[in-house]
Amino acid sequence: MLGLILLYWIGKYFYKLAEEYLKSKWGFAILGIVVYYAGTFAFGITFGIIAEITNPGLIEGFNETLLGLIALPFGILSCYLLYKYLEKTWEKNKPNPNKLIDEIGKSSDQIIS
């Protein structure tokens with residue numbers, strides 16, 4: 001149940017970010033959830049490989065709930081990093097309305113980028 005609430009909040013933040021920058025709202029909400037699962041999966045695989053190299057047989061007796069709780073911050077971190085990357089990229093590419101208004105009526109060779 002708590003996992004569903006977490007997925008709701010992740011989707012909600014990505015939905016609002018996409019809405020603010022006029023992007024595909026549901027697409028980015030789903031992308032946020034997929035990135036969360038990818039982050040936890042990548043951590044689980046990395047942890048499993050390192051654990052088996054350092055201590056063979058450790059994974060067989062490892063508690064899956066504990067592994068899920070340990071992977072949770074890595075999934076949230078991957079979502080946060082993607083969120084900040086998208087926010088920074090979209091903010092940089094956002095057109096400046098004042099600059100666009102000043103260019104009305106000018107020919108293309110008069111406009112200075």
Side-chain angles (χ1 to χ4, degrees):
M1 182 66 184
L2 292 176
L4 292 176
I5 294 171
L6 178 65
L7 294 179
Y8 167 77
W9 285 104
I10 290 170
K12 181 180 176 182
Y13 278 103
F14 276 92
Y15 185 93
K16 285 185 176 182
L17 179 69
E19 186 176 45
E20 181 181 338
Y21 291 100
L22 305 173
K23 304 290 182 184
S24 172
K25 294 175 260 191
W26 284 105
F28 283 99
I30 293 170
L31 177 67
I33 293 170
V34 168
V35 166
Y36 167 76
Y37 279 120
T40 57
F41 180 75
F43 170 76
I45 295 295
T46 305
F47 177 77
I49 291 171
I50 292 172
E52 282 299 315
I53 290 172
T54 58
N55 192 359
L58 177 69
I59 295 298
E60 294 172 7
F62 204 79
N63 187 352
E64 292 178 18
T65 306
L66 181 61
L67 181 60
L69 289 175
I70 293 171
L72 183 83
F74 292 94
I76 293 172
L77 177 66
S78 61
C79 282
Y80 177 77
L81 292 175
L82 177 65
Y83 183 90
K84 286 300 182 182
Y85 172 75
L86 290 175
E87 185 178 43
K88 180 181 171 185
T89 303
W90 291 345
E91 185 65 34
K92 186 171 59 171
N93 294 336
K94 192 174 185 180
N96 185 355
N98 294 330
K99 184 178 178 183
L100 295 177
I101 289 174
D102 292 338
E103 294 173 357
I104 294 177
K106 293 182 180 179
S107 65
S108 59
D109 55 337
Q110 290 176 332
I111 296 175
I112 300 173
S113 297

Please report the C-alpha distance between K16 and E19 in whole Å, then the side-chain angles of each, then the deciding distance to 0.1 Å, and finally whether the salt bridge (charged side-chain N to carboxylate O under 4.0 Å, His left out) criterion is met. CA-CA 5 Å; K16 285 185 176 182; E19 186 176 45; over 6 Å; no
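- Taken to the nearest 0.5 Å, the CD1 atom of I45 stands 4.0 Å off from the CZ atom of F41.
- Taking all atoms of both residues into account, the shortest heavy-atom contact from G48 to I59 is CA-CD1, 3.8 Å.
- Surrounding OH of Y37 are at most 12 heavy atoms belonging to other residues, nucleotides or ligands under 6.0 Å away.
- No continuous path of hydrophobic side-chain contacts links I50 to L77 [ILVMFWY only; heavy atoms under 4.5 Å].
- Linking ILVMFWY residues whenever their side-chain heavy atoms come closer than 4.5 Å, directly or via other members, places W90 and Y85 in the same cluster.
- At least one side-chain heavy atom of I70 sits under 4.5 Å from a side-chain heavy atom of F62.
- A single hydrophobic cluster is seen to contain both L82 and W9, as judged by linkage of ILVMFWY side chains at heavy-atom distances under 4.5 Å, directly or through other members.
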Apply side chain to side chain contact (heavy atoms under 4.5 Å, CB included) to the pair L6 and I76, showing each step before the final yes or no. CA-CA 9 Å; L6 178 65; I76 293 172; 4.2 Å; yes
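- Interatomic distance, L72 CG to Y36 OH, rounded to the nearest 0.5 Å: 4.5 Å.
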Please assess V35 against Y80 for the test side chain to side chain contact (heavy atoms under 4.5 Å, CB included), listing each intermediate value before the final yes or no. CA-CA 10 Å; V35 166; Y80 177 77; over 6 Å; no
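- Interatomic distance, OG1 of T40 versus CZ of F47, reported as 14.0 Å (0.5 Å rounding).
- In the hydrophobic cluster analysis, where Ile, Leu, Val, Met, Phe, Trp and Tyr join through side-chain heavy atoms closer than 4.5 angstrom, F74 is grouped together with L66.
- For S24 against A18, the heavy-atom pair with the smallest separation is O-CB, 3.7 Å.
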Any chance you could lay out the side chain to side chain contact (heavy atoms under 4.5 Å, CB included) test for I10 and Y83, step after step, and finish with the verdict? CA-CA 10 Å; I10 290 170; Y83 183 90; over 6 Å; no
Assess the residue pair F28 and L17 against the criterion (side chain to side chain contact (heavy atoms under 4.5 Å, CB included)); give the C-alpha distance rounded to whole Å, side-chain angles, the decisive distance to 0.1 Å, and a yes or no. CA-CA 8 Å; F28 283 99; L17 179 69; over 6 Å; no
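- By the side-chain hydrogen bond (donor to acceptor under 3.5 Å, both in side chains) test, Y21 pairs with E91, sequence neighbours left out.
- Summarising the geometry of E52 relative to G57, their closest heavy-atom pair is OE1-N, 3.2 Å, with the distance given to 0.1 Å.
- Summarising the geometry of S78 relative to G39, their closest heavy-atom pair is OG-CA, 3.6 Å, with the distance given to 0.1 Å.
- The heavy-atom pair separating G32 from C79 by the smallest distance is O-SG, 3.2 Å.
- With values rounded to the nearest 0.5 angstrom, F14 atom CZ is found 14.5 Å from K23 atom NZ.
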